2 protein chains.
Amino acid sequence: MARQNKSRYAILGVLSLGPMSGYDVRKTIERSLANFWSESYGQIYPILRQLVQEGLATCALEHQEGRPDRRVYEITDAGREELRRWLLDPAEHDVGRVEILLKLFLAWQTPVENGLEKARDHRELHLRLLERYAEIERWLHEHQSTHPGLPYWLATLSYGRHVSRALVEWCDETIRTLEGMRSGRSEAEVES
Amino acid sequence: MARQNKSRYAILGVLSLGPMSGYDVRKTIERSLANFWSESYGQIYPILRQLVQEGLATCALEHQEGRPDRRVYEITDAGREELRRWLLDPAEHDVGRVEILLKLFLAWQTPVENGLEKARDHRELHLRLLERYAEIERWLHEHQSTHPGLPYWLATLSYGRHVSRALVEWCDETIRTLEGMRSGRSEAEVES
DNA sequence: TAGATATATATCAGGGAGATATATGATGGC
DNA sequence: GCCATCATATATCTCCCTGATATATATCTA
């Protein structure tokens with residue numbers, strides 16, 4: 001059985017924020033969903049055409065001076081209904097792939113310093129993310145203070161902050177553990 | 001440019017734990033990496049053949065009574081070297097897709113109760129995960145107490161615990177926020 | 001004036017997941 | 001005793017999805 005196409009709903013969701021072109025859909029996702037979602041053009045353009053075919057969106061060609069023509073897509077009532085149905089469905093949890101954990105799981109085959117490097121890099125990454133979340137939050141309070149979506153948007157930001165704070169702590173813990181092992185020697189070093 | 005094939009390294013990594021069949025590779029991943037990695041047969045079988053072709057693994061046919069023949073794959077020295085090289089490379093961070101956040105981001109278009117349900121479900125999910133992590137930790141201490149990989153394996157478990165604990169807190173926070181909004185009415189309810 | 005960046009649409013190769021097909025033995029419930 | 005289910009074992013297919021690339025043109029910048 002074909003598993004369901006989530007890009008469809010992500011794109012429909014973005015169209016629910018206002019009429020826009022495929023290019024705008026991409027930009028919107030990069031600007032507002034980038035911390036937990038992404039879509040590529042390879043999905044966006046074919047799906048937009050499909051949505052029109054299914055009556056979930058309409059398409060209007062807009063001529064522009066100097067720039068390529070825009071195909072402006074607009075969600076229909078049927079599209080809003082389809083989106084709402086999906087929003088009410090329980091969210092599926094996707095474990096995904098965490099490359100740093102795969103590398104760490106196998107890292108006993110390498111010098112301890114390798115694991116330490118991974119943990120330090122990861123710590124930096126989440127500190128940067130925390131800064132980004134803070135910036136976005138400031139921007140939201142300044143520019144979207146009256147939008148009914150604000151509490152939900154802040155909640156998605158808070159998710160990221162909770163995760164990143166927890167992972168900075170995890171990195172600290174892991175660095176302490178590995179530093180405690182550095183005095184001895186790893187398997188890899190004993191071999192060589 | 002073709003992005004690199006991570007399944008290759010995951011499978012090579014599993015083979016570094018001991019010789020095994022494609023079926024065993026799958027089982028091993030499900031038993032020990034399932035919390036942060038997955039591989040499907042659609043990847044495993046073709047990649048194993050490819051690894052043999054590249055000299056990173058060898059294959060021996062094992063006849064069995066009553067059961068299908070086993071193709072037992074074993075990592076070579078070249079394979080270990082290739083794996084080690086990858087383990088030393090910095091880990092890439094993949095944002096991935098978090099469906100619950102996409103739904104929550106758009107949830108202002110639905111009744112508040114919908115967001116609450118999502119948050120409550122998510123809370124349950126992470127409480128279950130925390131129990132699973134505790135079980136695995138007990139098992140590791142009992143059965144792998146002397147393996148040089150133990151500190152690393154415990155670190156990957158700790159990662160999961162940190163994330164899940166943080167997300168249970170996030171759910172509590174989100175539930176409090178949404179419950180505070182329930183007294184009023186959502187956009188969707190005002191419309192109808 | 002050359003190069004980067006933005007606007008705009010479109011497609012392809014490859015990575016990857018999940019389902020399914022095929023065969024057989026063991027296990028367990030009714 | 002029979003049926004269902006699960007474990008062993010290999011293999012393949014469809015669909016989803018990403019990242020790269022192609023193609024134009026306008027503006028901005030060094």
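Computed from a predicted structure; not experimentally measured. What's counted below: heavy atoms across the whole structure, side chains too, no hydrogens, waters or symmetry copies. Within every chain, numbering begins at 1; the chains are lettered A, B, ... in the order of the sequence lines, protein sequences first and strands thereafter.
- OP1 and OP2 of D/dC15 both lie 4.0 Å or more from every side-chain N or O belonging to A/Asn5.
- The distance between atom CD of A/Glu39 and atom C1' of D/dT18, rounded to the nearest whole Å, is 10 Å.
- Residue B/Ser7 has no polar side-chain atom (N or O) positioned under 4.0 Å from OP1 or OP2 of C/dG15.
- Between the P atom of D/dA26 and the OH atom of A/Tyr23 lies a distance of 16 Å, rounded to the nearest Å.
- Counted by atom type alone, A/Thr58 and A/Glu74 present zero donor-acceptor pairs between their side chains at under 3.5 Å.
- Rounded to whole Å, atom P of C/dG14 lies 15 Å from atom CZ of B/Arg8.
- At D/dT18, one or more side-chain N or O atoms of B/Arg97 fall inside 4.0 Å of OP1 or OP2 (strictly under the cut-off).
- Take the nearest nucleotide of DNA chain D for B/Lys27 and for B/Tyr73: the residue whose nucleotide is more 5' is B/Lys27.
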- Does the pair B/Trp108 and A/Tyr152 meet the rule for a ring-ring contact (aromatic ring centres under 6.0 Å, His included), with working shown? CA-CA 7 Å; B/Trp108 53 276; A/Tyr152 293 97; 8.2 Å; no
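- Rounded to whole Å, atom C1' of D/dC17 lies 15 Å from atom CD of B/Glu99.
- Cation-pi check for B/Arg26 over B/Tyr41 is met; the charged atom lies under 6.0 angstrom from the ring centroid and within 45 degrees of its normal.
- Taking 4.0 angstrom as the limit, A/Arg71 places a side-chain polar atom (N or O) nearer than this to OP1 or OP2 of C/dA10.
- Within 4.0 Å (heavy atoms only), B/Gly22 reaches sugar-phosphate atoms of the nucleic acid but no base atom.
- A donor-acceptor contact shorter than 3.5 Å is absent between the side chain of A/Trp37 and the backbone of B/Val98.
- Base contact: A/Ser40 has a heavy atom under 4.0 Å from a base atom.
- Rounded to an integer number of Å, the gap from CG of A/Leu48 to P of C/dA10 is 9 Å.
- Nucleic acid contact for B/Arg26: none, since no nucleic acid atom lies under 4.0 Å from a heavy atom of the residue.
- Considering only side-chain N and O atoms, A/Ser38 lies under 4.0 angstrom from the phosphate OP1 or OP2 of D/dT18.
- For A/Glu113, the salt bridge (Lys or Arg N to Asp or Glu O under 4.0 Å) partners are A/Arg120, A/Arg182, not counting sequence neighbours.
- With rounding to whole Å, A/Ile11 atom CD1 is found 11 Å from D/dC17 atom C1'.
- At whole-Å resolution of the value, CH2 in B/Trp37 and P in C/dA17 are 8 Å apart.
- A close approach under 4.0 Å does not occur between any side-chain nitrogen or oxygen of B/Lys6 and OP1 or OP2 of C/dG15.
- For C/dT11, one of the phosphate oxygens OP1 or OP2 lies less than 4.0 angstrom from a side-chain nitrogen or oxygen of A/Arg49.
- Nearer to the 5' terminus of DNA chain D, by closest-nucleotide assignment, is the contact made by B/Tyr45 (compared with the other of B/Tyr45 and A/Tyr41).
- Comparing D/dA9, D/dT18, C/dT11 by their closest approach to the side chain of A/Gln43 singles out D/dT18.
- Taking atom CD1 of B/Ile44 as the reference point, atom P of D/dT10 lies 10 Å away to the nearest angstrom.
- In terms of modelled atom types and a separation under 3.5 Å, the side chain of B/Thr156 and the main chain of B/Trp153 share a donor-acceptor contact.
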